[in-house]
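Below is one structure, written out as structure tokens, with a few remarks after it.
The structure presented is a predicted model; accordingly, all values stated were derived computationally and were not measured.
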Amino acid sequence: MKIAAIAFTENGGKIVKMLSEKMCAKGYTKYQIEGLENFDNLSLLMSDIWGKFNAFVFVGACGIAVRAVAPYIKDKSKDPAVVVVDEKGDFAIPVLSGHIGGANDLAKRIAKLTNGTAIITTATDINDKFSVDTFAVKNNLYIGNTKLIKEISSRILRNEKVGLYFDYELKNIPDCFTDTAQVGICISDEDKRPFRYTLNLKPKNVVLGIGCKKGCGNVEESILAFLRDNSVSVHSLFAVATVDIKKNEQGIVDFCGKYDLPLLTFSAELLNEVDGDFTSSEFVKKTVGVDNVCERAVCAAGAQLTERKTALKGTALALGKLETEIDFLKGKAE
């Protein structure tokens with residue numbers, strides 16, 4: 001989690017300083033404090049840093065924080081975590097993206113550091129009920145139609161059962177689920193509709209290995225075609241993996257940015273040490289120092305190779321799958 005911490009007073013700046021040291025937050029303050037970046041205008045600061053962080057901590061009044069982020073709020077599934085802390089550190093209040101963005105957990109972490117109290121207001125948490133969005137985030141599941149989260153949570157809060165369909169082994173299934181219902185969740189690699197209103201949750205457990213020619217201009221097109229041919233959703237991707245000399249390859253960087261995927265890079269030396277039977281190429285070895293990039297990178301990322309090297313319009317692509325554990329206790333409020 002990349003955190004920006006912003007303070008408006010000297011006392012608040014002390015908390016930001018502590019967060020920068022304890023949580024590796026990037027600190028901003030209106031007062032000159034060593035190690036923190038100074039700012040004069042909050043609106044200008046937000047226009048500059050919004051999109052560069054996935055969590056914002058404001059040390060000051062809630063109203064200031066709300067006005068600061070209001071112009072940028074777009075979607076429940078993409079909005080960053082926003083937490084407000086008073087300048088004494090007595091209270092940490094999640095005000096945006098408590099579950100999906102992780103604001104609730106962030107507030108609890110901050111409260112421990114300041115010896116304060118996290119003020120959690122989300123209904124499933126305060127009633128100790130199953131939260132589908134927390135469960136999805138903590139089990140690294142892609143959430144399909146986020147509008148159904150509210151409907152599922154509402155039924156669970158009314159002590160009604162919701163449907164559950166799954167293609168994976170599940171652990172610690174709570175008693176709020178049933179086999180048949182109008183509304184339910186489906187945990188699968190595919191989009192299915194076992195219920196009239198189905199929230200599809202996809203495990204993000206596929207690693208895409210890639211090598212490509214320098215300056216390749218059709219990376220996204222090739223990747224999406226490759227995924228389609230192998231019946232894999234882009235939403236099932238956990239990461240993209242390649243050799244380190246490709247870490248700045250524009251097509252790969254753009255693809256990872258567009259689909260919010262981490263780019264894992266490995267040295268040629270490390271890739272050469274990966275055990276396995278790989279599709280070898282002398283040309284690739286002479287060019288980058290290892291006989292195969294895409295397959296070896298998949299395995300270096302900890303995945304089991306499922307689709308071997310496919311050459312496609314200047315790219316070389318492979319797929320692998322990570323071990324997947326889905327545990328409902330991970331979605332239980334602490």
Side-chain angles (χ1 to χ4, degrees), residues 1-8 12 15-16 19-20 23-30 37 39-87 91-111 118-126 131-138 140-154 157 199-201 204 234-235 256-262 331 333:
M1 178 178 281
K2 294 181 64 177
I3 305 169
I6 304 164
F8 315 106
I15 292 179
V16 167
L19 295 178
S20 71
M23 302 181 73
C24 296
K26 173 68 175 177
Y28 300 89
T29 177
K30 278 202 167 187
E37 189 169 318
F39 73 93
D40 293 318
N41 185 294
L42 179 59
S43 294
L44 292 177
L45 174 66
M46 293 306 297
S47 67
D48 180 54
I49 67 175
W50 190 266
K52 297 178 181 178
F53 298 89
N54 47 28
F56 292 86
V57 179
F58 293 89
V59 183
C62 275
I64 297 175
V66 170
R67 289 187 180 93
V69 303
Y72 306 101
I73 297 172
K74 291 184 178 179
D75 184 87
K76 177 184 179 73
S77 65
K78 297 177 182 178
D79 289 334
V82 176
V83 175
V84 177
V85 182
D86 68 282
E87 69 164 33
F91 304 104
I93 310 166
V95 296
L96 184 67
S97 205
H99 290 156
I100 295 177
N104 286 1
D105 286 342
L106 179 58
K108 292 173 186 177
R109 290 168 58 198
I110 293 171
I119 308 298
I120 307 300
T121 59
T122 41
T124 49
D125 294 83
I126 63 176
S131 163
V132 64
D133 38 355
T134 299
F135 162 74
V137 170
K138 293 194 173 182
N140 204 26
L141 308 175
Y142 169 77
I143 302 172
N145 183 2
T146 55
K147 293 180 180 179
L148 283 174
I149 292 174
K150 182 178 179 181
E151 180 63 30
I152 290 170
S153 295
S154 296
L157 287 166
L199 175 59
N200 283 285
L201 302 177
K204 293 188 280 188
V234 69
H235 300 306
C256 291
K258 181 175 180 177
Y259 294 97
D260 193 24
L261 292 166

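- To the nearest 0.5 Å, atoms OG (S47) and CG (L42) are separated by 9.5 Å.
- Considering every non-hydrogen atom in both M23 and I110, the closest pair reads SD-CG1, 3.9 Å.
- Remark: N41 CG is packed, more than 12 non-hydrogen atoms of other residues, nucleotides or ligands lying under 6.0 Å away.
- The two residues F53 and I49 make their nearest non-hydrogen contact at CD1-O, 3.7 Å.
- By the 6.0 Å contact criterion, CG on D75 is enclosed, its count of non-hydrogen atoms from other residues, nucleotides or ligands being greater than 12.
- The two residues G12 and V59 come nearest to each other via the heavy atoms CA-CG1, 3.5 Å.
- Between K138 and D105 there is a salt bridge, since a side-chain N of the basic residue sits under 4.0 Å from a carboxylate O of the acidic one.
- For the side chain to side chain contact (heavy atoms under 4.5 Å, CB included) with N104, the lone residue among I119, D125, T121 that qualifies is D125.
- Across A81 and G101, no two heavy atoms sit closer than the pair CB-O, 3.4 Å.
- Here K150 contributes atom NZ and S153 contributes atom OG; the two are 10.5 Å apart, rounded to the nearest 0.5 Å.
- Within the 3.5 Å criterion, the main-chain N or O of I73 finds no donor-acceptor partner in the side chain of D79.
- For the atom pair L19 CG and R109 CZ, the distance stands at 9.5 Å (nearest 0.5 Å).
- The aromatic rings of F8 and F39 lie perpendicular to each other, with more than 60° between the two planes, well past the 30° mark.
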